[in-house]
Amino acid sequence: MKILITGGAGFLGSHLSDALLARGDDVTILDVGGDLKVRHNLGNSRFHYVRDSVLHADILESLILKCDLIYHLAAVVGVEHYVGDPYEVLNVNINGTQAVLKLAYKHNRKVVFSSTSEVYGRNPRVPFREDDDRVLGSTRIDRWCYSTSKAAAEHFCFAYHRLGLPVVILRYFNVYGPRLDKIDVGRVITIFMGQVLRGDPVTVIGDGSQTRCFTYIDDAIRATVEAGMNDRAVGEIFNVGSDVETSILELAETMIRIAGSPSKIVFVPQVAVYGESYEDVPRRVPWVKRTQEILGVEAETPLEKGLRQTIDWFKAGNGR
Ligand code: UDP
């Protein structure tokens, strides 16, 4: 198959490219970023990197015309962006998705849209079923702009689906692994990674009782590939994640132990890290039955195993 991945040079996109190339597909990625995460594929004749934005309609259209299936992953992701540059988050995530859907509809190409578990916000009732409520804070709190942007984009997906466009929505739950953000930036695992590898204090926000379900990249990619290939997935939302809940304190302790690090844990107030425009999500757990039943995929990599692989990758000097 000829496949277009927007945002294909990012963490998920680079692993998705690997999986599709291994299947024998022809992969084109459209991305504004660098080639750090896809460098190993640049010599492959079935891999094409177009460095541009999804907001450039003419380029986007020429690429959509040449493909059979679109994975729309291009987005501004990461809490530092939600509180640092909400305009860019809203612009790329909403208008970029609209641009992809509009042209996919024009040329009748299936779209798999990467959404997020952030969509559920801080709904206290876990596990989250795909049709559950979204519970968000005030629009004065920038943190919610990401969740809102992805929810608006999901609405666009369903609006186009109603017009006849085949779409699938995937909501990812804290996916991690080699090639996650650069060390010290981005998500909690890369922030802790830098601290643990240097032996610095590990900064647990609040009391560390907040939980996440960390999902190893290979498990997330199996669900992603299947979502593109399986006709029963069309018109559906799927949670993509492990349902094993881990507190942030437990994550810090586990990373310190696995890395054999002398780091100590320090508890820091959230305002000291992200300022006033941040609110935490206390618990985030997916209901995984639909993904198991329709996509036939479940997350099976234990946290310790996934963390070991991730730590080894960063220890080898990658991601700096
Ligand atoms: N976190 C932390 N210390 C840090 C960075 C993050 O304790 O230095 C916590 C954060 O408060 C949240 C969790 O780790 O509860 C996951 O944060 P992340 O930014 O990875 O993404 P989120 O799951 O909140 O979207």
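When a ligand or atom number is given, it counts from 1 through the structure's own listing order.
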Margin query: I'd like to know if Glu118 pairs up with Lys150 as an ion pair, taking the criterion as any Lys NZ or Arg NE/NH1/NH2 lying under 4.0 Å from an Asp or Glu carboxylate oxygen.
Written below: no
| Is it true that a side-chain atom of Arg109 and a backbone atom of Cys67 form a donor plus acceptor pair closer than 3.5 Å? | yes
**Prompt:** Passes side chain to side chain donor-acceptor pair (under 3.5 Å), Arg179 versus Ser14? Steps please.
**Reply:** CA-CA 8 Å; Arg179 297 186 218 145; Ser14 72; 2.9 Å; yes
**Q.** Test item: Arg212 and Thr246 side chains (from C-beta on) under 4.5 Å apart, heavy atoms
**A.** no
key: Donor-acceptor side-chain pairing of Thr224 and Tyr172 below 3.5 angstrom   = yes
| message | Are the side chains of Arg284 and Val281 in contact, using a 4.5 Å heavy-atom criterion? | response | yes
Glu118 heavy atoms within 4.0 Å reach ligand 1 at atoms 25 (O)
Atom 10 (C) of ligand 1: closest protein heavy atom, distance to 0.1 Å, is Tyr278 OH, 3.4 Å
So the atoms of ligand 1 within less than 4.0 Å of a heavy atom of Ile191 turn out to be 5 (C), 8 (O)
Honestly, for Val281 the part within reach of ligand 1 (heavy atoms, under 4.0 Å) is neither
Tell me yes or no: between the side chains of Asp18 and Asn41, is some donor less than 3.5 Å from an acceptor? yes
Under 3.5 Å between some N or O of ligand 1 and some N or O of Arg187? no
With heavy atoms and a 4.0 Å threshold, my read on which part of Asp280 contacts ligand 1 is side chain
Going by the 4.0 angstrom heavy-atom rule, the piece of Glu279 near ligand 1 is neither
Atom 20 (O) of ligand 1: closest protein heavy atom, distance to 0.1 Å, is Val188 N, 2.7 Å
Salt-bridge criterion met for Glu276 and Arg140 (N-O under 4.0 Å): no
- Can you tell me if Val273 has a non-hydrogen atom under 4.0 Å from ligand 1? no
Near Asn174 (heavy-atom distance under 4.0 Å), the atoms of ligand 1 are 23 (O)
Within 4.0 Å of some non-hydrogen atom of Val204, the atoms of ligand 1 are 7 (O)
In this structure, atom 3 (N) of ligand 1 is nearest to the protein heavy atom Thr203 O, 2.6 Å
Report task. Please confirm whether Tyr176 comes under 4.0 Å of ligand 1, counting heavy atoms of the residue only. Result -> no
Requested in this report: Would you check if the side chain of Thr190 reaches a backbone N or O of Gly186 as a donor-acceptor pair within less than 3.5 Å?
Outcome: no
Q. How about Glu300 and Tyr216: does a side-chain donor come under 3.5 Å of a side-chain acceptor?
A. no
The answer for which part of Val79 has a heavy atom under 4.0 Å from ligand 1 is side chain
Q.
Can a side-chain donor-acceptor contact be found between Thr97 and His72 if the only test is distance below 3.5 angstrom?
A. yes
Among non-hydrogen protein atoms, atom 23 (O) of ligand 1 lies closest to Arg212 NE, 2.6 Å
Mutual orientation of the aromatic rings belonging to Phe128 and Phe173 [parallel < 30°, tilted 30-60°, perpendicular > 60°]: tilted
among protein heavy atoms, the one nearest atom 13 (C) of ligand 1 is Ile248 CD1, 3.5 Å
Note to self: Could you check whether any heavy atom of Arg143 sits closer than 4.0 Å to an atom of ligand 1, since that is the contact criterion I want to use?
What the structure shows: yes
the protein heavy atom lying closest to atom 7 (O) of ligand 1 turns out to be Ile205 N, 2.8 Å
Quiz item: Are any of the heavy atoms in Arg284 under 4.0 Å away from ligand 1?
Solution: yes
